[in-house]
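Heavy-atom basis, side chains included; hydrogens, waters and symmetry copies ignored.
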Amino acid sequence: MKRAVILVAGGQGLRMGGDLPKQFLPFRGKPLLMHTLEVFSRWDGKARLTLVLPETHRAYWEMLCRELNWHVPHQIVTGGETRFHSVRNALAAVDDGDWTGVHDGVRPFVTSEVIEACFRGAAQHGAALPVVPVTESLRECDGERSRAVDRTRYRLVQTPQVFRHDWLAEAYRQPYSPLFTDDASVVEAAGRSIHLVPGNPENIKITTPTDLLIAEKWLAH
């Protein structure tokens, strides 16, 4: 079974409050993005890794790899206007796999067990993604009014989101919609169902300075 992973790292890092995109922020001696790629390399050294970067970031990334003597095998694809377009660009370069996962480049704490569970779930059901329970109260807002909702009916969605490659490629031939918030929403719009597997709570998307502090605390234990 050929397995591929697309790692999306197209963000500008504005919520970090600095000029350096969040995927390149130094963390324990190297950029966050390198940690993420290493997780997938350790999980399956034969999996094909494709990194999606803005064209303006490619030279900087290649310089970092040289300076740090970092050699995890991967190919680079230029991102698009939105995440949807970035994944679609990557799919054009990943056309010979059986199962393809898509992962946020700034989620370096996903475990190998969760990755494997997602690929197993996709092998059984065609599409799978990791989720964790909602632990805080939720309210649904409608203009000036709001109402409490049953949080046990909701889950927080993580990545990697894994699919039969032909399902994913077919789904990304649809026209773009602003309702496409992740890959599962694209595949669902093409008429497919998504299987859920338990994620790991540490698998957060690092987008703010507070997220970095939390990550440091986790690694300190």
Side-chain angles (χ1 to χ4, degrees), residues 3-15 21-23 32-33 36-37 39-40 47 49-54 77 79-94 97 99-111 114-123 125-134 138 140 151 153-208 211:
R3 306 198 285 193
V5 180
I6 296 168
L7 297 108
V8 185
Q12 298 299 321
L14 299 180
R15 278 174 286 183
K22 55 185 177 291
Q23 58 266 32
L32 279 173
L33 190 51
T36 307
L37 282 157
V39 168
F40 285 89
L49 305 182
T50 298
L51 176 61
V52 186
L53 288 172
V77 171
E81 179 183 354
T82 68
R83 189 182 191 281
F84 174 90
H85 297 95
S86 292
V87 174
R88 188 163 67 183
N89 287 356
L91 285 170
V94 183
W99 309 98
T100 299
V102 186
H103 188 70
D104 298 319
V106 288
R107 288 186 189 266
F109 297 119
V110 64
T111 65
V114 167
I115 299 170
E116 187 64 32
C118 290
F119 273 86
R120 283 200 310 266
H125 303 277
L129 58 82
V131 297
V132 293
V134 176
L138 292 177
E140 181 180 11
R151 68 184 178 194
R153 298 181 60 194
Y154 295 86
R155 296 293 183 270
L156 298 177
V157 175
Q158 302 178 331
T159 64
Q161 300 183 3
V162 183
F163 310 89
R164 278 180 43 169
H165 183 83
D166 57 339
W167 284 18
L168 190 61
E170 176 189 35
Y172 270 91
R173 286 194 283 270
Q174 299 175 99
Y176 169 72
S177 167
L179 298 179
F180 293 156
T181 57
D182 62 1
D183 308 285
S185 60
V186 180
V187 172
E188 276 186 323
R192 307 295 188 180
S193 297
I194 310 296
H195 177 69
L196 305 183
V197 302
N200 61 296
E202 302 83 10
N203 184 20
I204 63 172
K205 187 176 182 181
I206 297 179
T207 57
T208 69
D211 296 332

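When Val110, Leu129, Thr159, Val162 are each tested for a side-chain contact (heavy atoms from CB on, under 4.5 Å) with Cys118, only one passes: Val162. Here the options are Val5, Thr100, Val77, Val87, the test is side-chain contact (heavy atoms from CB on, under 4.5 Å), and the partner is Thr50; only Val77 passes.
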Return a table of donor-acceptor pairs under 3.5 angstrom between the side chains of residues 178-189 and protein atoms on other chains or two or more places apart.
residue	atom	partner	partner atom	Å
Asp182	OD1	Ala184	N	3.4
Asp182	OD1	Ser185	N	2.9
Asp182	OD1	Ser185	OG	3.1
Asp182	OD2	Gln161	NE2	3.0
Asp183	OD1	Arg83	NH1	3.2
Asp183	OD1	Tyr172	OH	2.5
Asp183	OD2	Arg83	NH1	2.9
Asp183	OD2	Arg83	NH2	3.3
Ser185	OG	Thr181	N	3.1
Ser185	OG	Asp182	N	3.2
Ser185	OG	Asp182	O	2.6

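Minimum interatomic distance between Phe109 and Asn200 (heavy atoms only, all atoms of both residues): O-ND2, 2.9 Å. The two residues Ser193 and Trp167 make their nearest non-hydrogen contact at O-CZ3, 4.2 Å. Shown here for Arg151 and Val134, the closest heavy-atom pair between the two residues is CD-O, 3.9 Å. Shortest non-hydrogen contact noted between Gly121 and Ala128 is C-CB, 3.7 Å. Taking all atoms of both residues into account, the shortest heavy-atom contact from Pro108 to Val39 is O-CG2, 3.4 Å. The two atoms that bring Asn203 and Arg107 nearest to each other are O-NH1, 2.7 Å, heavy atoms only.
With rounding to the nearest 0.5 angstrom, the CZ atom of Arg173 is 9.5 Å from the CG atom of Leu91. Distance check, rounded to the nearest 0.5 Å: OH of Tyr176 to OG1 of Thr82 gives 5.0 Å. Interatomic distance, Leu196 CG to His125 NE2, rounded to the nearest 0.5 Å: 10.0 Å. Note that CG of Leu37 is 6.0 Å distant from CG of Leu49, once rounded to the nearest 0.5 Å. Residue Asp211 holds its CG atom at 4.5 Å from CD1 of Ile204, rounded to the nearest 0.5 Å.
You'll find the side chain of Val106 stays beyond 4.5 Å of the side chain of Thr36, heavy atoms only. For the pair Arg192 and Glu170, the minimum side-chain heavy-atom distance is below 4.5 Å. Within the 4.5 Å cutoff, side-chain heavy atoms of Arg164 are placed close to those of Trp99.
Looking only at distances, a side-chain donor or acceptor of His165 sits under 3.5 Å from a matching main-chain atom of Val94. A donor-acceptor pair under 3.5 Å is formed between the side chain of Gln23 and the backbone N or O of Ala9.
Checked for salt-bridge contact, Arg3 and Glu116 meet the test: a charged N lies under 4.0 Å from a carboxylate O.
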- Apply the test side-chain contact (heavy atoms from CB on, under 4.5 Å) to residues Val52 and Asn89: give CA-CA distance (whole Å), side-chain angles for both, the deciding distance (0.1 Å), then the verdict. CA-CA 8 Å; Val52 186; Asn89 287 356; 5.7 Å; no
